[in-house]
Amino acid sequence: MSSFILAVAQFAVTTDPPENLKNSLKLIEMGAHRGADLVVLPESSMYSDPLKQRPGQRHTEPLDGTFVSAIRQAAKDHHVHVIAGMTEKVAGELPFNTLVYVNPEGDLAGVYRKVHLYDAFGYRESDDVRAAQPEALVFDVGGVKVGAATCYDVRFPEMSRFLVDHGADIIVLPTAWVTGPLKEFHWETLIKARAIENTIYFAGSGQSGPARIGGSVIVDPMGVTIASAGESGTGVAIATITTDRIAQVRQTNPSLANRRFSVIPLSQN
């Protein structure tokens, strides 16, 4: 059996980058002190404008900027893996909505740039950032393969299957899930569906606050919620991820073995 301890973190991200960084570092420390091997921070942990206080403005940084450098140092100090969301500056072009993966040695060991932009529910994310081509970010924590995606990606089942095809045993999903009619229902339903149909663990780390639902959660391969941080506030939810549980579920529900379709990104057709 391979296993690790996962912490999904949530907090109310604002338009104050230094304060957001302070909260991010505090949550990494909190997760590490609770025994986590991997701490997952929300989408856009570096900067977010949930109340649209500064329309048309967005704080961006390169991958060697203040935010990522501090996350790298915190991962090294606490010897944990970290996933964190930020807006990646690209010279002369719209930025990317980016996840950075930092290993316990403090290395920037992987990057995922959001593929599906949130042009839905009356919002156009593509006005502010640009979509990336599909590339799978999958990394190892304690012998368990972790895949990463971002927020709106969960509404596209092929994205999760794409990561599973690249070996993921669990998908972590940093989000800034917007409040609204039935949005909490969608959040819970989609996460459980992605876990059940792929017989994997699925974990969402959400921004909290007045315009975000929070709801950070870890779901097992049968769709059972095994940890939750609640609907609001700052904190972490902790659970143990084991390959034994995945194998057990796949004996009962061999849906991956019974599949008849493959997933090929449109850019590769």
Side-chain angles (χ1 to χ4, degrees), residues 1-4 6 8 38 40 43 81 83 85 88 96-101 109-120 125-126 129-175 177 186-205 217-226 241-269:
M1 177 189 76
S2 298
S3 67
F4 75 91
L6 170 66
V8 288
L38 167 63
V40 181
E43 177 185 16
H81 302 260
I83 285 277
E88 181 189 353
F96 287 113
N97 184 335
T98 296
L99 301 180
V100 293
Y101 161 56
V111 172
Y112 168 70
R113 299 178 174 98
K114 192 175 183 184
V115 171
H116 300 100
L117 299 185
Y118 185 56
D119 289 357
E125 186 179 12
S126 61
V129 299
R130 62 188 177 120
Q133 293 299 312
E135 291 188 21
L137 172 58
V138 178
F139 55 93
D140 185 281
V141 180
V144 182
K145 296 294 184 181
V146 181
T150 306
C151 203
Y152 191 49
D153 283 330
V154 75
R155 291 185 180 271
F156 301 86
E158 61 272 22
M159 183 68 195
S160 294
R161 185 57 58 86
F162 178 62
L163 290 170
V164 170
D165 284 349
H166 281 79
D169 300 309
I170 175 173
I171 294 173
V172 296
L173 186 84
T175 75
W177 204 265
H186 287 191
W187 170 250
E188 180 180 359
T189 301
L190 289 163
I191 283 180
K192 291 192 172 186
R194 299 295 87 86
I196 293 167
E197 69 197 6
N198 290 293
T199 54
I200 58 167
Y201 289 89
F202 206 104
S205 169
V217 67
I218 304 171
V219 173
D220 88 349
M222 274 293 192
V224 176
T225 298
I226 57 175
I241 310 303
T242 74
T243 53
D244 270 8
R245 176 60 173 160
I246 297 170
Q248 177 190 53
V249 170
R250 288 179 178 175
Q251 284 187 332
T252 303
N253 175 24
S255 58
L256 282 181
N258 293 338
R259 64 186 293 196
R260 301 293 296 276
F261 295 88
S262 60
V263 173
I264 302 172
L266 293 174
S267 60
Q268 297 179 18
N269 285 346

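Basis for what follows: all heavy atoms, side chains included, without hydrogens, waters or symmetry-related copies. A quick note: this is a predicted structure, and the numbers were derived from the prediction, not measured.
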### Query
How far does CG of L190 sit from CG of L173, to the nearest 0.5 angstrom?
9.5 Å
#### Entry: T243 side chain vs S2 backbone, donor-acceptor pair below 3.5 Å
yes
### Query
Is any side-chain heavy atom of I226 closer than 4.5 Å to a side-chain heavy atom of R245?
no
### Query
Any idea which heavy atoms bring A168 and G147 closest together, and the distance?
CB-N, 3.9 Å
### Task
Measure the shortest side-chain to side-chain distance between V219 and T225 over non-hydrogen atoms and say whether it is less than 4.5 angstrom.
yes
### Validation row: F162, V115 side chains within 4.5 angstrom (heavy atoms)
no
### Message
Quick check: closest heavy atoms across S255 and E197, and the distance to 0.1 Å?
### Response
OG-O, 3.4 Å
### Task
Starting at CG of N253, measure out to CG of N198 and round the result to the nearest 0.5 Å.
10.5 Å
### Task
Give the minimum heavy-atom separation between G85 and L99, together with the two atoms involved.
CA-CD2, 3.8 Å
## Note on the structure
Heavy-atom nearest pair, D140 first then G143, reads OD1-N, 3.0 Å
### Message
Are Y101 and V172 packed together at the side-chain level, in the sense that at least one heavy-atom pair is separated by less than 4.5 angstrom?
### Response
no
### Query
If you draw the axis of the six-membered ring of F96, does the NZ or CZ of R113 fall within 45° of it and under 6.0 Å from the ring centre?
yes
### Summary
The reported gap from CD1 in I241 to CG in L38 (rounded to nearest 0.5 angstrom) is 9.0 Å
### Task
Look at the rings of F139 and H81 and say which category their plane angle falls in: under 30° parallel, 30 to 60° tilted, over 60° perpendicular.
parallel
#### Entry: Spacing of I171 atom CD1 and K145 atom NZ [to the nearest 0.5 Å]
14.5 Å
### Message
Would you compute the distance between atom CG of L117 and atom CG of N97 and round it to the nearest 0.5 angstrom?
### Response
7.5 Å
### S160 versus F202, closest heavy-atom pair with distance
OG-CE1, 3.7 Å
### Query
Should we count CD of E135 as having more than 12 external heavy atoms under 6.0 Å?
no
### D119 side-chain N/O to E125 backbone N/O, donor-acceptor pair under 3.5 Å
yes
### Task
Only counting residues at least two apart or in another chain, list the ones meeting side-chain contact (heavy atoms from CB on, under 4.5 Å) with E158.
F156, V263
### Message
For the backbone of V154 and the side chain of R194, can you confirm whether one donor and one acceptor N or O come within less than 3.5 Å of each other?
### Response
yes
### Pairing residues for R161 by the salt bridge (Lys or Arg N to Asp or Glu O under 4.0 Å) criterion, not counting sequence neighbours
none
### Task
Report yes if some heavy atom in the side chain of V8 is under 4.5 Å from a heavy atom in the side chain of V217; otherwise report no.
no
### Interatomic distance, I246 atom CD1 to Y201 atom OH [nearest 0.5 angstrom]
6.0 Å
### Message
Before you tell me yes or no, could you show the steps for H116 and R155 under side-chain contact (heavy atoms from CB on, under 4.5 Å), namely the whole-Å CA-CA distance, both residues' side-chain angles and the distance that decides it to 0.1 Å?
### Response
CA-CA 9 Å; H116 300 100; R155 291 185 180 271; over 6 Å; no
### Query
Do you know which two heavy atoms are closest between A148 and I83, and how far apart they sit?
CB-CD1, 4.4 Å
